[in-house]
Amino acid sequence: MINSVSNNSKASAIDYIKSITGMSDHDTRQFLDRLETRDTNRINDILPDLLDGLGKGQMLELLYTAIDSAHEMVVITDARNRIGDEKIIYVNNSMERVTGYTKEELIGENPKIFQGPDTDKETIQRLRKKLSQGKHFEGETFNYRKDGSMYRVRWSIDPIRDEQGEITHFVSVQQDVTDQWRQKKKLEDMVKERELLLKEIHHRVKNNLAVIAGLLQLQSDKTNSEETRHILSESINRIQSIATLHEKLYKTDDFNNIFLPDYFKDLLEQLINSMEQNEMNIATNTDIAKITIPVSKAVPLSLIFNELVTNSIKHGFEEQDEGTIRISVDQTNDIVTMRVSDNGIGFPDDLEIEKLQSLGLRLIDTLCKQLQGEYEFENRNPGTGFILRFKLDQMDTVYNRT
């Protein structure tokens with residue numbers, strides 16, 4: 001386990017401890033291993049047997065040998081009137097191994113000897129503040145070896161107090177975490193690269209959908225058929241609802257989920273502005289919970305939303321000067337419920353909705369099945385209503401925004 005010193009030094013430490021304690025070779029190695037990993041529960045089990053019968057001098061020499069053999073770097077400084085003026089009075093073998101300085105070169109130096117251009121100033125300021133208050137400090141930054149090379153260090157510092165409670169020294173336990181930091185940085189760079197790529201994909205998809213919608217609009221402008229214009233207009237709205245989704249994803253840092261309140265607000269505004277309403281005054285009433293759902297469910301849900309609102313605007317308020325469309329979305333446990341209703345003319349009493357073969361209703365049915373949801377239409381007085389309930393899988397991400 002102990003690899004911070006040479007085999008000869010390791011053997012010497014083990015032989016020394018065995019000679020003054022009478023411990024077995026196995027227990028001695030185990031003690032040093034546990035001390036190195038700072039398994040305090042195990043140390044507390046070993047220490048009573050280890051220190052039983054030892055004199056104060058032997059105990060101090062034993063602890064000195066154990067610290068000098070530890071894999072982690074240990075630095076002890078004195079305490080001065082001003083934090084930052086401390087001098088190093090002790091370093092262990094690991095400090096020599098990592099930094100390239102000898103003990104003789106470090107004793108009497110200020111810990112600033114390890115700092116350089118990339119040492120984080122805010123971390124050092126936080127260190128000084130904590131130590132000036134006599135508190136424990138933990139931090140991570142870059143330090144520098146004797147040859148000028150940089151390494152990442154994670155360390156903790158504690159004050160040492162005398163019997164009167166006055167701080168006399170500081171002890172710092174440090175770890176070289178350069179390899180871990182490099183691996184973490186590599187993963188972070190990979191994530192950033194992936195995010196940039198996804199942003200570009202969403203941007204291009206949105207632009208391509210906009211081109212398709214534009215081409216359909218040109219076709220609509222050239223035709224004299226009302227029916228054709230109607231069909232093209234509905235197709236354009238469906239395409240734009242998906243384009244809006246990709247635009248939202250392009251502008252956010254979360255590429256897997258969509259925030260419903262913002263998305264539905266934009267969709268609703270887009271739909272109302274695109275419809276020919278003549279002089280009709282249509283109001284909207286929305287109550288959409290602050291939830292986020294996966295893109296895989298946001299796409300079919302938005303298309304259902306598009307069909308329902310379009311149907312209400314085009315057919316729900318015939319022979320009326322004004323009307324109101326109400327939209328609500330809420331979540332209870334893993335069930336999301338969407339309600340869309342209006343106060344328009346409603347369905348004829350003898351209408352059997354399930355027998356209708358319009359493209360919009362067939363599309364709603366297909367999309368609800370894609371969501372594995374259950375839906376129903378209501379004939380209100382006045383108006384119509386639609387309720388959809390679907391379950392979120394455990395792999396789906398849904399959470400409330402504050």
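Computed from a predicted model, the values in this text were never measured in an experiment. FYI, the numbering just counts along the sequence from 1.
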N110 (side chain) donor-acceptor with I88 (main chain) under 3.5 angstrom: no
Criterion side-chain contact (heavy atoms from CB on, under 4.5 Å) on I327 and N285, from CA distance to verdict: CA-CA 6 Å; I327 300 119; N285 186 319; over 6 Å; no
Point-to-point distance, once rounded to the nearest 0.5 Å, from CG of D118 to CG of N143: 11.0 Å
Sub-4.5 Å side-chain heavy-atom contact between I89 and H169: yes
Distance-only polar pair, side chains of D342 and S312, donor-acceptor under 3.5 Å: yes
E376, CD: over 12 other non-hydrogen atoms inside 6.0 angstrom: yes
Over 12 non-hydrogen atoms of neighbours within 6.0 angstrom of CD in Q180: yes
Pairwise side-chain contact, V173 with W155, heavy-atom cut-off 4.5 Å (strictly under): no
D330 and R339: CA distance, side-chain angles, deciding distance, salt bridge (Lys or Arg N to Asp or Glu O under 4.0 Å) verdict: CA-CA 9 Å; D330 59 65; R339 296 178 175 86; 3.2 Å; yes
Sidechain N-carboxylate O distance under 4.0 Å for R326, D287: no
Contact list for residues 75-88, test side-chain hydrogen bond (donor to acceptor under 3.5 Å, both in side chains), sequence neighbours left out: D78-R80, R82-D85
Derivation of the side-chain contact (heavy atoms from CB on, under 4.5 Å) call for F386 and I304: CA-CA 10 Å; F386 172 88; I304 294 170; 4.1 Å; yes
Contact check, side chains of I157 and L131, non-hydrogen atoms, under 4.5 Å: yes
Side-chain touch S172/I76, heavy atoms, less than 4.5 angstrom: no
Worked check of side-chain contact (heavy atoms from CB on, under 4.5 Å) between K265 and T286: CA-CA 8 Å; K265 177 184 175 183; T286 60; over 6 Å; no
Flag for S302-Y263: side-chain donor and acceptor within less than 3.5 Å: yes
Residue pair L301 / I293, side-chain heavy-atom distance below 4.5 Å: yes
D158 side-chain N/O to V171 backbone N/O, donor-acceptor pair under 3.5 Å: no
Salt bridge R161-E166, side-chain N to carboxylate O under 4.0 Å: no
Centroid-centroid under 6.0 Å between Y151 and W181 rings: no
Separation of I258 CD1 from S296 OG (nearest 0.5 Å): 12.0 Å
Reported NZ-to-NZ distance for the pair K297 and K391, which is rounded to 0.5 angstrom: 11.0 Å
T178 side chain reached by F142 side chain, heavy atoms, under 4.5 Å: no
Neighbour count above 12 (heavy atom, 6.0 Å) for N333 CG: no
Atom pair CZ/SG of R389 and C368 - distance to nearest 0.5 Å: 12.0 Å
Nearest heavy atoms of G385 and S341, plus distance in Å: CA-CB, 3.8 Å
Taking every non-hydrogen atom, the tightest pair across P261 and K290: CG-CA, 3.8 Å
Closest non-hydrogen atom pair, M150 against R145: O-NH1, 3.3 Å
Minimum heavy-atom distance between H71 and S94, given as atom pair plus value: O-OG, 2.9 Å
N92-K103 side chain donor-acceptor pair, cut-off 3.5 Å: no
Separation of M73 CE from R154 CZ (nearest 0.5 Å): 11.0 Å
Value rounded to 0.5 Å, distance of CZ in F137 from OG1 in T123: 6.0 Å
Y375 vs D365 side-chain heavy atoms within contact, under 4.5 Å: yes
Ring centroid separation Y144 to F114 under 6.0 Å: no
Parallel, tilted or perpendicular: ring planes of F264 versus F305, cut at 30 and 60 degrees: parallel
Side-chain heavy atoms of I387 within contact of E378, under 4.5 Å: yes
Pair E96-N93, side-chain contact (heavy atoms from CB on, under 4.5 Å): steps then yes or no: CA-CA 5 Å; E96 291 184 306; N93 290 331; 3.7 Å; yes
Flag, side chain of S132 to backbone of I83, donor-acceptor distance under 3.5 Å: no
Partners passing side chain to side chain contact (heavy atoms under 4.5 Å, CB included) against K146 (at least two apart in sequence or in another chain): Y101, E105
